[in-house]
Structure formats: structure tokens, C-alpha cells
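So that the names make sense, note that chain A is the first sequence line, chain B the second, and so on, each numbered from 1.
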2 protein chains.
Amino acid sequence: MNSPDAFNALCPTRQILDRIADKWTVLLLGLLAGRTMRFNELRRGVDGLSQKVLSQTLKSLERDGLVTRAVYPTVPVTVEYAITDLGRTLAATLEPLRLWAESHMNVIEQARADFDRRQQAAA
Amino acid sequence: MNSPDAFNALCPTRQILDRIADKWTVLLLGLLAGRTMRFNELRRGVDGLSQKVLSQTLKSLERDGLVTRAVYPTVPVTVEYAITDLGRTLAATLEPLRLWAESHMNVIEQARADFDRRQQAAA
DNA sequence: GTCATCTGGTATCCATTGGAAACCTGATGA
DNA sequence: TCATCAGGTTTCCAATGGATACCAGATGAC
């Protein structure tokens with residue numbers, strides 16, 4: 001048995017990395033790490049996330065054992081999504097990513113402006 | 001000026017998160033954190049990454065100030081990509097992600113098998 | 001009685017993206 | 001004279017993404 005290696009396209013970790021290195025996953029697990037939430041609540045919490053993609057993303061998170069899905073036969077139906085212990089370990093890994101983006105926003109925007117100006121000058 | 005918030009679709013951090021939460025970015029910065037590398041060297045290092053996408057990804061990493069690109073007029077031409085200090089802070093944030101994928105591979109695969117079996121049983 | 005509303009989805013359609021493969025330049029070696 | 005190298009760009013097709021419409025089933029407003 002070979003050791004896991006995400007640099008190898010055939011290693012299962014590659015596909016796992018593909019799923020977890022995803023902006024919607026980062027944001028959804030960020031919310032669910034705080035508390036259990038309902039479908040439309042998640043949708044409202046993550047601006048710009050369509051119903052279709054939310055549904056797909058939650059399904060794959062559930063399949064991977066990162067969240068659980070509970071249906072309550074109320075009217076209208078209530079569906080609650082909760083993070084699992086495994087999901088919590090991933091959320092702890094993903095949170096720094098969101099925080100990095102937020103704290104380096106200005107530096108990145110400056111770098112982009114500089115790059116674009118150089119490109120402009122070269123043309 | 002509002003504080004950065006990746007949950008808001010219009011915040012620049014959302015777009016930044018979209019770029020950094022990407023499997024190719026994780027793997028490329030993982031390699032470049034080790035040492036400066038050439039174009040085809042990176043391609044060989046990241047199995048399954050096409051030339052087109054490598055070129056695009058490197059270009060956006062350069063624009064964001066995460067890597068630098070140096071061209072040497074040898075024959076054939078030599079192009080070296082090096083990580084920047086800013087890129088190094090991101091690489092440090094992304095590495096745990098790759099390690100998480102590698103260390104939880106078995107748990108995830110087990111969860112998937114369980115899920116699929118339950119789905120099968122329900123059908 | 002009838003219509004609009006709620007939830008948690010699917011179904012459909014089109015635009016964007018991704019990957020595979022071919023092509024390109026320009027010099028060099030067989 | 002032809003193949004080869006690096007570092008791309010171009011082209012083509014398949015897969016994904018997002019916007020929108022639709023669905024069930026009950027409930028509340030009118």
C-alpha cells in the first residue's frame with residue numbers, strides 16, 4: 001500500500017483535495033462550525049450560492065461524513081444540517097484560509113493593480 | 001469602509017477565496033514553497049495538470065503577488081517561478097489542507113462506502 | 001373558496017470553465 | 001533534413017456553474 005500523495009492524480013487524496021479546496025465548502029463549514037442550520041438558512045448565509053450548487057455541495061459533504069442531514073416531518077418540512085466531529089477538524093483547517101483572504105485583501109488588490117499597470121506599460 | 005467578509009458575494013475577499021481555495025493552487029504553492037522551479041518541472045511535479053491550466057494558474061498567482069516569474073534568454077528559454085514572501089504565508093495556510101486530505105483519506109473513503117451502502121439499502 | 005406563501009429541493013437552459021491534443025517559435029544536435 | 005527542447009497559445013469538446021422555473025403539500029390571508 002502506497003502512502004497518500006495528493007501530487008499523484010490517481011491517489012484518492014487528490015479527489016478529496018478537489019472537494020475540500022472549494023470556496024463553498026470553506027464558507028459552509030465555516031457557518032456550520034458555529035451552529036446547526038437549515039437549508040435556506042445556509043443559502044441566505046452564503047451570498048451568491050445557488051440552490052442547485054448548495055444542494056450538491058451538501059450532498060457531497062454528507063457523503064464524506066463531514067455533515068449530517070436530519071429531516072423533520074413538520075409543515076413545511078424542516079431539514080437541518082449539522083457538522084460532524086470529522087467536519088469540525090476540517091473546518092478548523094479551512095478557517096485560516098478564509099481569514100487569510102480577509103486579512104490580505106488589501107495587499108492582493110495592490111499587487112493586482114501594480115501588475116496590471118506594468119502590463120499596461122509594456123503594451 | 002466595510003470590513004472584509006467572504007460571506008458577502010460582492011466583497012473582494014470572495015474572489016480571492018475563490019482563487020486560493022483551488023486544488024492546483026494548493027499543490028503548486030506546496031511545490032514552490034520548497035524551491036524555485038521551472039514551468040515544465042512544475043507540470044511534471046503536479047500530475048494531471050494540463051499546460052493550459054498551469055499557465056493560467058501561474059499567471060494569476062503572479063498577478064496576485066504570490067509568485068514571481070523570471071525569464072532567462074537561454075536556448076531554449078528558461079522560465080523560473082519563485083514563491084514570494086506573501087506567497088509563503090499562503091503556502092503555510094494551505095499546507096495543512098493537503099495534509100488533512102492525506103491523513104483523513106481512509107476515514108473519508110469509509111464514510112463514502114457507508115453512505116453509498118445506505119443509499120443502496122434505501123432504494 | 002381561492003390565491004399567494006413557506007420549505008427544500010429538481011429540472012432546464014445557457015455561459016463559463018476544464019482538460020486533451022495540436023500547434024508555434026527559434027535554436028540546436030543527430 | 002528532420003526531430004527535439006522549453007514554454008507557452010489555440011482549438012475543440014465535455015463537464016461544471018449559475019439563473020430561473022417548477023414541484024409538493026399544507027397553511028394563512030382575503
Output yes when at least one side-chain N/O atom of B:S55 is less than 4.0 Å from OP1 or OP2 of D:dT9, else no.
yes

Do B:N106 and B:Q110 get their side chains close enough for a donor-acceptor pair, meaning under 3.5 Å?
no

Do B:R14 side-chain atoms and B:A6 backbone N/O form a donor-acceptor pair below 3.5 Å?
yes

How far apart are the closest heavy atoms of B:R98 and B:G30, and which atoms are they?
NH1-CA, 3.9 Å

Just by protein heavy atoms under 4.0 Å, how would nucleotides 19-30 of chain D read 5' to 3' in B, S and -?
B-B---BSS---

Less than 4.5 Å apart, any side-chain heavy atom of B:W100 and any of A:L94?
no

Is B:L28 reachable from A:F7 through a run of hydrophobic residues whose side-chain heavy atoms are each under 4.5 Å from the next?
yes

Looking at B:T25 and B:R19, would you say the former's side chain and the latter's main chain have a donor-acceptor pair under 3.5 Å?
yes

Got B:D64 and A:H104 here, is their nearest side-chain heavy-atom distance under 4.5 Å?
no

Could you state the interatomic distance from CG (B:L61) to OG1 (B:T68), rounded to the nearest 0.5 Å?
11.0 Å

Are B:V67 and B:L29 side-chain neighbours, meaning at least one heavy-atom pair lies under 4.5 Å?
yes

Separation of A:L54 atom CG from D:dG18 atom P, in whole Å?
11 Å

Spell out, as yes or no, whether a donor-acceptor pair under 3.5 Å connects the side chain of B:T78 to the backbone of B:Y72.
no

Looking at DNA chain D, which of residues 59-67 of chain A put a heavy atom within less than 4.0 Å of it?
none

Which part of the nucleic acid, if any, lies within contact of A:T78, taking any heavy atom under 4.0 Å across all strands shown: a base, the sugar-phosphate backbone alone, or nothing?
sugar-phosphate

So which of residues 38-46 of chain A are in contact with DNA chain C, with a heavy-atom cut-off of under 4.0 Å?
A:R38, A:F39, A:N40

Cationic N near anionic O, under 4.0 Å, B:E62 to A:R118
no

Can you give the first and last nucleotides of DNA chain C, 5' to 3', that have an atom under 4.0 Å from a heavy atom of chain A?
C:dC6 to C:dT12

Once you apply a heavy-atom cut-off of 4.0 Å, does B:Y72 come out as touching a base, just sugar-phosphate, or nothing?
nothing

Here the pair of heavy atoms bringing B:M37 nearest to B:L32 is N-CD2, 3.8 Å

What residues 11-32 of chain B contributes to the DNA chain C interface at heavy-atom separation below 4.0 Å is B:W24

Can you check whether A:G65's main-chain N or O pairs, donor with acceptor, with A:T84's side chain at less than 3.5 Å?
yes

Give a yes or no on whether the backbone of A:A33 and the side-chain of A:R88 come within a donor-acceptor separation of less than 3.5 Å.
yes

Tabulate below the donor-acceptor pairs under 3.5 Å that side-chain atoms of residues 43-52 of chain A make, not counting sequence neighbours, or state none.
| from | atom 1 | to | atom 2 | distance (Å) |
| --- | --- | --- | --- | --- |
| A:R43 | NE | A:N40 | OD1 | 3.4 |
| A:D47 | OD2 | B:A9 | N | 3.0 |
| A:S50 | OG | A:V53 | N | 3.3 |

